[in-house]
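Notes follow once the structure below has been shown.
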Amino acid sequence: MSSQLSAGADTVWGPLAQPITAPADLPEGSPPWRDNAWLPFWDDENGIYGTVHVSTSPNAGARQARFSLQTPSGTIELIEPLDPGSFESKSIRLDLDTGFTISTPEVTAELRFMPQFARADFVGDASPKAFGGYAETGALKHYQQAASVVGSVNLRGQESAVDGSGFRDRTWGFRDETIGMSEYFGFMWKFETFALSVMRLYGSDGSDHATGFLLGDTATPVAAVSSFTRDGSGLFVEAEIELDSGDRLTVASVGRPAGQWVPMGPPRTGAVMSAYDEFHTFRTASGEAGGGIVEQGYVRRGV
């Protein structure tokens, strides 16, 4: 069954499993309409870290599926073209209800994602600004949710079980980060009793917008990222998050076992978004341990 037809109305993933849709007739000159899904996963005990990212569009290039993986036996990255309206490439298949499968001579994988905690709905006032200014039209939909992740990966003959954590992210609508955004950081972190899904975006117009949620039984909005500390090379060290309730939460890195560059599209001349994913283990100021991913990106404009 093709990935875009696999999501049923009663799926546990709600809008994260929305079948691929796009306006039937986009006028000539319309901004890019994209449907993206991103699934980071990590298993600290077994040393497994990776992401799957798929992006399709009826009217824009850079339609691709990507799989990045680090295991104790090595690393691999696959980047393959996608057809319009599909989340399935030659070797990478996203199932909107369950997870994904990978099948090549060098690497195979099958991971199942199961939802945890409340869902983060980045719509309305919480919609990320700086996506080319299109979020304000209401056409951009964006959702995230934490997950438990189980399955296995086999890299060059080395089989590894996976019993860890992850997130699912889904966005569809008009968007062009290179036009609207100069820099951003975002993170998806999971702890035993809650998860955090937060991003802060710096627009090319000088705007500065933080949005996100602390996810437990319900989703509590984040009011601000009041501090974000980096080390001398620009990688994450610590953050303080302020909630709408007025409570503050400080989270610090206690280890960075993996990292991956994020190819955002094909080679191009001119402005390009450059991004990097950092996998960390964390500890809150109260001592609760967790793990997750930090992504930082900025637009390189030099020729």
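No experiment lies behind these values; they were computed from the predicted model shown.
Between the Asp43 side chain and the Asp163 main chain, a donor and an acceptor come within less than 3.5 Å of each other. Judged by distance alone, the side chain of Glu288 and the main-chain N or O of Thr193 form a donor-acceptor pair under 3.5 Å.
Val12 and Val149 end up in the same hydrophobic cluster when Ile, Leu, Val, Met, Phe, Trp and Tyr side chains are linked at under 4.5 Å. Under a hydrophobic clustering in which Ile, Leu, Val, Met, Phe, Trp and Tyr are joined whenever their side-chain heavy atoms come within less than 4.5 Å, directly or via other members, Ile48 and Val150 fall into different clusters. The hydrophobic clustering, which links ILVMFWY residues whose side-chain heavy atoms are closer than 4.5 Å, places Trp189 and Val237 apart.
Proximity of Phe87 to Ile20: side-chain heavy atoms (C-beta onward) are separated by under 4.5 Å at one or more points. Here the side chains of Leu235 and Tyr276 are in contact, with some heavy-atom distance below 4.5 Å. Residues Thr250 and Thr284 fail the side-chain proximity criterion, which asks for heavy atoms closer than 4.5 Å. Contact annotation: the side chain of Thr104 never approaches that of Phe67 to less than 4.5 Å [non-hydrogen atoms, C-beta and beyond]. For the pair Asp277/Val294, no side-chain contact is recorded, criterion being any heavy-atom separation below 4.5 Å from C-beta on. Side chains of Leu249 and Leu196 form a contact here, defined as non-hydrogen atoms less than 4.5 Å apart. Between Val225 and Val198 the shortest side-chain heavy-atom distance falls below 4.5 Å. Considering only heavy atoms from C-beta on, Leu214 comes within 4.5 Å of Leu243 through its side chain.
Annotation: cation-pi geometry satisfied between Arg168 and Trp13 (NZ/CZ under 6.0 angstrom from ring centroid, within 45° of ring axis).
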Next item on the list: Could you walk me through whether Leu26 and Phe174 pass side chain to side chain contact (heavy atoms under 4.5 Å, CB included), step by step?
Entry: CA-CA 11 Å; Leu26 286 169; Phe174 294 116; 4.0 Å; yes

Checklist line | Trace of the side chain to side chain contact (heavy atoms under 4.5 Å, CB included) decision for Thr71 with Leu69 | finding: CA-CA 7 Å; Thr71 77; Leu69 177 68; 3.7 Å; yes

Margin query: What verdict does the side chain to side chain contact (heavy atoms under 4.5 Å, CB included) test give for Leu140 and Thr171, after you've listed the backbone C-alpha separation in whole Å, the side-chain angles of each residue and the deciding distance to 0.1 Å?
Written below: CA-CA 7 Å; Leu140 185 71; Thr171 312; 3.6 Å; yes

Item checked: Audit row: Tyr202, Tyr298, ring pair (Phe, Tyr, Trp, His ring centres under 6.0 Å) steps and yes/no -> CA-CA 9 Å; Tyr202 301 88; Tyr298 70 98; over 10 Å; no

Next item on the list: Take Ile76 and Glu106 through the side chain to side chain contact (heavy atoms under 4.5 Å, CB included) test and state the conclusion after the steps.
Entry: CA-CA 9 Å; Ile76 195 169; Glu106 273 197 295; 3.7 Å; yes

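In Glu238, the CD atom is crowded: over 12 heavy atoms of neighbouring residues, nucleotides or ligands sit closer than 6.0 Å.
Side-chain N/O atoms of Ser226 and Arg248 include a donor and acceptor closer than 3.5 Å. Side-chain contact, Gln144 with Arg170: no donor N or O sits under 3.5 Å from an acceptor N or O. With hydrogens and angles left out, the side-chain atoms of Asp121 and His142 include no donor and acceptor closer than 3.5 Å. Counting only N and O atoms by type, the side chains of Arg300 and Ser274 include a donor and acceptor under 3.5 Å apart. For the residue pair Ser73 / Gln158, no side-chain donor-acceptor distance below 3.5 Å is found, with atom types taken as modelled. A donor-acceptor contact under 3.5 angstrom links the side chains of Glu80 and Ser91, judged on distance only. Ser55 and Asn36 share a donor-acceptor pair across their side chains, judged by distance under 3.5 Å alone. Side chains of Tyr49 and Asp44: a donor on one and an acceptor on the other come within 3.5 Å. For the residue pair Gln116 / Ser148, no side-chain donor-acceptor distance below 3.5 Å is found, with atom types taken as modelled. Between the side chains of Tyr184 and Glu295, at least one donor-acceptor pair of N or O atoms lies under 3.5 Å.
Remark: Phe194 pairs with Phe191 by the ring-ring contact (aromatic ring centres under 6.0 Å, His included) rule, at least two apart or across chains.
Salt bridge present: Asp208 and Arg200 bring a charged side-chain N and a carboxylate O closer than 4.0 Å. Under 4.0 Å is where a charged nitrogen must lie from a carboxylate oxygen, and between Glu278 and Arg256 no such pair does.
Rounding to the nearest 0.5 angstrom, the gap separating the CE atom in Met199 from the CZ atom in Phe187 is 10.0 Å. Expressed to the nearest 0.5 Å, how far CG of Leu155 lies from CD1 of Ile102 amounts to 12.0 Å.
Between Phe113 and Phe167, the distance separating the two ring centers is not shorter than 6.0 angstrom. Centroid-to-centroid, the aromatic rings of Phe228 and Phe236 come within less than 6.0 Å.
Nearest heavy atoms, Leu39 versus Phe41: O-CD2, 3.7 Å.
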